[in-house]
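Structure first, then comments.
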Amino acid sequence: MTETASLHGGRALRSRSWSRQVLAALLKRLGARIGLVWIAALVLVATFAPFIANSHPLYMVVDGAASSPALRHMEPLDWVWLCGFALAVVLLLLPLKAWQRLLGWLLGVAACAAFAYATVSPPALTIYEQYRELEADGRVERLIRAPIPYSAKDYLRDFADTGIEAPLAAGDGRVHWLGTEENGADVAARMIHAARIALGIGFIATGIALLIGTLIGGLMGYFSGVVDIIGMRLVEIFEAIPTLFLLLTFVAFFGRSIYMMMIIIGITSWSGYARYVRAEFLKLREQDFVQAAVACGLPLWSILFRHMLPNGIAPLLVAASFGVASAILAEATLSFLGLGLVDDPSWGQMLNQAVQSSTFNWWLAVFPGGAIFLTVFAYNLIGEALRDAVDPHTQRTAGGAS
Amino acid sequence: MLIYLLRRVALMIPTLFGITIVVFVVMAAAPGGISAQSLVDGTNLEPETRQALEDYYNRLYGLDQPPPVQYLRWLNNISPVGFVREADGSLGTFSLWKAPDLGVSFRYGRPVTDLLAERLPITLLLNLLSIPLIYAVSIAIGVQAARARGGRFDVASNVLLLGLWSVPTMLAGVLFIGFFASEQYWRWFPTAGLVRREAVDQTFLPWLGGPGDVLLLAVLIGASTALLVWAAACAPTRARRLGGALLGGVLGYLMATDLHGPSPGGLHLLLALCGAFACGALAGLPSAFLRIAFAGGVGLGLGVGLARVAGVEIVHGGYLFDRGWHLVLPVITLSYGGLAFLAKLTRSSLLENMAADYARTARAKGVAEDDVLWRHVFRNSLLPLITVSATLLPSLLAGSVIVESIFSIDGMGKLAVEAVQTRDRELVLSVTLISGLLTLAGYLLADIAYAIVDPRVSYD
Amino acid sequence: MKLLEIDGLVTELSDGRNWLRAVDGVSLCVHRGETYCLVGESGSGKSVTALSAMCLLPFARHRHPGGRILLYPDVRATPGERPGGHTEAVDLLRADEAFLGSVRGGRIGMIFQEPMTSLNPVLTIGEQLDEALRLHRPELSTQERAERVVEALAEVRMPDPASRVREYPHRLSGGQRQRVMIAMALICEPILLIADEPTTALDVTVQAGILNLMRELQEARGMGMLFITHDFGVVARIADRVGVMRRGELVENGPVGQVLQTPRHAYTQGLIGALPERLARAPRPPLQPRPLVAVRDLQVHFPVRRGFMRRVVDHFRAVDGVSLEVGAGEVVALVGESGCGKTTLGRALLRLLEPTGGSVELDGRDITRLPRKSLRCLRRRMQVVFQDPGSSLNPRLPILTTLIEPMRVHGIGRDDEDRRTRAEQLLERVEMPADSLWRYPHEFSGGQRQRLAIARALVLEPGFILCDEITSALDVSVQAGILRLLRRLVDEQGLGMLFITHNMGVVEFLADRMAVMHEGRLVETGPTAEVLAAPRHAYTRKLLAAVPRLDTMLAATD
């Protein structure tokens, strides 16, 4: 018998479930707080992008008629983001279990998406220049613009001779806080819309990889034998190909839509999660409470999903946090190499433009590159803090029960 | 042990098959697939000539066959046991020892083996330079952080290392090129490639004006290096910090002068302050090894600079120096990520082992704390480092892809990107095979190294 | 002649934020040639006291607000003793690091509890022994050191010492590693040996050998020994003086005979009274004749694979033909050392492992080869409680779910309300408060968790319970409560119980019959009293002789 932490004197604790405990331990750490603040800022920016950066004015009165071009031109995807955000806030406030919240959110978003794509249809032709023309003509009585009055795809064709311009350097009445990129579009607007791509790809690709990895890893861990051998060969194959190279191959051959990229990044990164889940399941199979559950005659699904899986997700959470960071990095790398999304703005693509011409356009390197760095850094900070929070040793010393 | 090795090598083969099958399936399943169509598209030919060209390609590469047959033909080509392929594409006799033929690249029109032989050494050079650098520096940082656990160095380095690890390789490469290798800012490093045209014809070592110049250069380098190393090793902490800050400030000011002229301005102040802060912190490091290494480097540079000022005539830098000068930025860009990761791993592994039972036994025997670290804990802490080194090589290979693209180095990474972009089937498969082989070999070497270092592990 | 005097020691430990007083005013004295045993339950501060004496506590996380630890000068005429000796007692808490370095290993040797992890796995034992010599006897040449190392190994009765020198620790057994530790601690001939529970992790027979060895070495060298333990049997066997610690304080102190036979402090009386051999035994109701569980010639063999194709070359016979019967209302104890196969037998009995041969009958029905579906209904009748309180309950579920879920699956109770009432009644029976239902396992202590595990086993109203060393990880006083609870449950409900243990005192209190297992076979079975009084098999005799029992020791010293 070793000296235990019963030196504490057996203080009674408030009753808290494991996920609450981990959350509390996470929020105590400064690194996690900083990371979460940045991610929250990104989410806000991404959700409200149409209201932050838009060539369409938010509210306009022309010739006595009031209208809101911004609202009229909103895409179904914009509505889905807004609904998803609202739903998430509502679900967080309700007293539900974690998995119920997740499931509810997914279903809600799916329903919203179906509804939005069915009903919302913005005008097909978008002419960004018309508002500036109207203003020049003097027909506008009231105009409320978005804080950044440029859209991501507004190439400013009505101003002649636009190209890459440094921040605040453009003449003729335009103000670009972060400069413009090579097609003339505003960097700040493109960065804000690219935040959506980054977050979306990060979460969905990691979600796909988690799903595949947990399934295969769980099967391997629970039923050893032939299933394990085949599974391990699969894992080894996907591990041995350098991920970037497989990504390159996939993307070059399969095309560059955003959904394809999500799936591809997800498919190439599941092997790590499978290994973790397999290792955890192998360990858990021998744990006493699992054996007791078997001895009680509990059905298989209960043993797997109620007893084994919740106890095995700790390393998965940590790995998933780092995984989101690497998914965002993968997308940025692909865009950088010219293999990314075609028309949608992306941080990596703007970074590429920094060194393409003979001059070094520092604002295209510092701002989009900085955004990538800060996002990856934030996820890494959260991952590190999670790792400390789920580690039973640090849990004990941080005031856990004895 | 031998049996284990044989088993592992035997198990590598199905994995290699699997890798090539996956890549082949991806290529074949893609819209457009692999066919002669893509090769003749875009050429301005008469329909009959175009058809003839297509037929030629089809026969030569077997591109009109269904994908499984194509895969088998490719397997046959690369294996040393199989059917010999005739010049016009048909299969000849079966032989037990024929040369593995990796095919001919569609895009370049040259045998793949030649291309790989040209490019692989370059990538290997980059990676093999990075690996020792990574290990040496990360172990030094990790040891220092573990020794002064909870101290300022430890906390600061933890955050810095995490930040360093988070910086994307592309960003670092772009910033390096943009600031240190471009026309607008400091032109300290070359912009592209691995070697200048002229340098190939130059002598291997630098060629100086005369023996007097050589002597002067040697004296100046020796004196400045010795001075700085002595100061770094022996001077008290306050003096070191002050001296370092002063040196850094001057260097920063000189950097700004290079750009904007000697009159003081905003940039001058900013750079002087940054330089002072950075050099002061580095000079005040508790780890003697890192301080001396840093001081040595600065001393060398200072010596060369003083020699230039003193009028030493350097006719040309020589092939060795030119190569090194071109390699500095790519190697740094390639290795800083792995360095940060390994340093954190070293630190956590060391800390875990310093609290282990056997370390306590050693202390109970009367072993001093430093000896506990170096003689007992260190070797045990290397074990996770070795395990991780298995994954280091694949990540470096992936990093090479980006680094080579940014710095326009003609290595295998760049070749891989080009191959994929042009759907060059032979090249893609061959590059996949080589990188898969290297990765699996890396795993195997790591396992063997583990068995050597840890006597508990025996593969029987 | 005094060697070490601890005078009013106060030690505080930090966990990063709070300082906790682990040792509060402990005073004791170890003399030359005597063994001082420091006894206490977990958390009493005895290990911290020992580590304080050697100043081995983690650097930034401890402080000593008060007290002294005096090391007296060594007046032996030992050749080669390090100079710099002192003529009066030195306070180790205020000594400098250089002096402490010479004391550790040179004047005071220490051995620890876990032989598995206490030796450096990457150095040979010869190198590790040599290092100690190099530090404290620098005047010896390489050759002399090598000879001394072999001598030291021979002294601790290591078989074939000359060739063992080049071995790595992982090739030795637990007992052999502990001998190496002793050799390493004693190789520089210290005058005092501190032993922190050195035999707790070892098998009983191995423990007996190590204790004898330590006693012999102490007498041969005239050393003093500070021995920390929680086992009163060990105390009775080797101690001259005893100190009892509780929550950082030394509550009783004196010669061994006096403390064990006529303890003065209430806590010591309670501790000794809680020993299983001292627990009062209630009269047992008469047994029913029909066997509940019958095991016939059970075999569990594990294949051993070697070679390139991993072919099966041999079988490891964990259980090799065991026949046993457990009736309703009786407790059968299964005794044996580690590795004898008792745990495997238990699991095969419940079909948590598949037996390779033989049969298991429950209520007269052969369940060995039943398919899973039919087995599920029968699982109600057989339940299990495990050893490790840390992993016996699912950490993610509140106790309510853990208790209700099996009821739901087997259709006990009309609805969840009814099941909750049953759960509350069950908690009352295992003497736990009703609001435990809403708590999570990490909020309970080890003993409480074992009670909850017993409640979970009882929730399906089984007829047979397997208890696999359930009290081995618990303190003596906590164990007493659990044992009394078990006895009551068996008597009241007529359960059949197979109790796996290695503690003879528990067997004596709890079991009606006992079976001794060795290398996969049962070597002896019979009623407890008979087997304990007159063992027939040689192994049983060896086992019983090796177990340190308080009463036998006391009888011997009288």
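Labels below follow one simple rule: chain letters A, B, ... track the order of the sequence lines, proteins then strands, and each chain is numbered from 1. In what follows, every heavy atom counts, from backbone to side chain, and hydrogens, waters and symmetry copies are set aside.
- Both the backbone and the side chain of Ile19(B) come within less than 4.5 Å of a heavy atom in chain A.
- Neither the backbone nor the side chain of Phe17(B) comes within less than 4.5 Å of any heavy atom in chain A.
- Tyr379(A) and Phe203(A) have perpendicular rings, their planes meeting at more than 60° on a 0 to 90° scale where under 30° would count as parallel.
- Of the possible polar contacts, one joining the Ser326(A) side chain to the Gly323(A) backbone as a donor-acceptor pair under 3.5 Å is found.
- Contact annotation for Ala332(A): both backbone and side-chain heavy atoms come within less than 4.5 Å of a heavy atom of chain B.
- Contact annotation for Val22(B): only side-chain heavy atoms (C-beta onward) come within less than 4.5 Å of a heavy atom of chain A.
- For Ser335(A) (side chain) and Gly348(A) (main-chain N/O), no donor-acceptor pair under 3.5 Å exists by modelled atom type.
- Contacts of Ser405(B) with chain A are made by side-chain atoms alone, with heavy-atom separations under 4.5 Å and no backbone atom involved.
- Contacts of Leu374(A) with chain B are absent, with no heavy-atom separation under 4.5 Å from either backbone or side chain.
- In this structure a side-chain-to-backbone donor-acceptor pair under 3.5 Å is present from Thr15(B) to Leu11(B).
- Under 3.5 Å, the side chains of Glu352(B) and Ser348(B) contain no donor-acceptor pair of N or O atoms.
- Aromatic ring pairs are classed by plane angle as parallel below 30°, tilted from 30° to 60° and perpendicular above 60°; the pair Phe180(B) and Phe176(B) is tilted.
- Among the candidates Thr432(B), Thr169(B), Leu397(B), the residue making the largest number of heavy-atom pairs closer than 4.5 Å to chain A is Thr432(B).
- Between Arg29(A) and Glu384(A) no salt bridge is recorded (no basic side-chain N to carboxylate O distance below 4.0 Å).
- The contact between Leu162(B) and chain A is made by backbone and side chain atoms together, counting heavy-atom distances below 4.5 Å.
- With a 4.5 angstrom heavy-atom cutoff, Ile406(B) touches chain A only via side-chain atoms.
- Neither the backbone nor the side chain of Ala325(A) comes within less than 4.5 Å of any heavy atom in chain B.
- Your options are Gly413(B), Gly163(B), Ser435(B), Ala398(B), and the one with the most heavy-atom pairs under 4.5 Å with chain A is Gly163(B).
- Annotation: maximal heavy-atom pairing with chain B below 4.5 Å, among Thr333(A), Ile372(A), Leu337(A), occurs at Thr333(A).
- Applying the 6.0 Å contact sphere to OH of Tyr276(A) captures no more than 12 heavy atoms from other residues, nucleotides or ligands.
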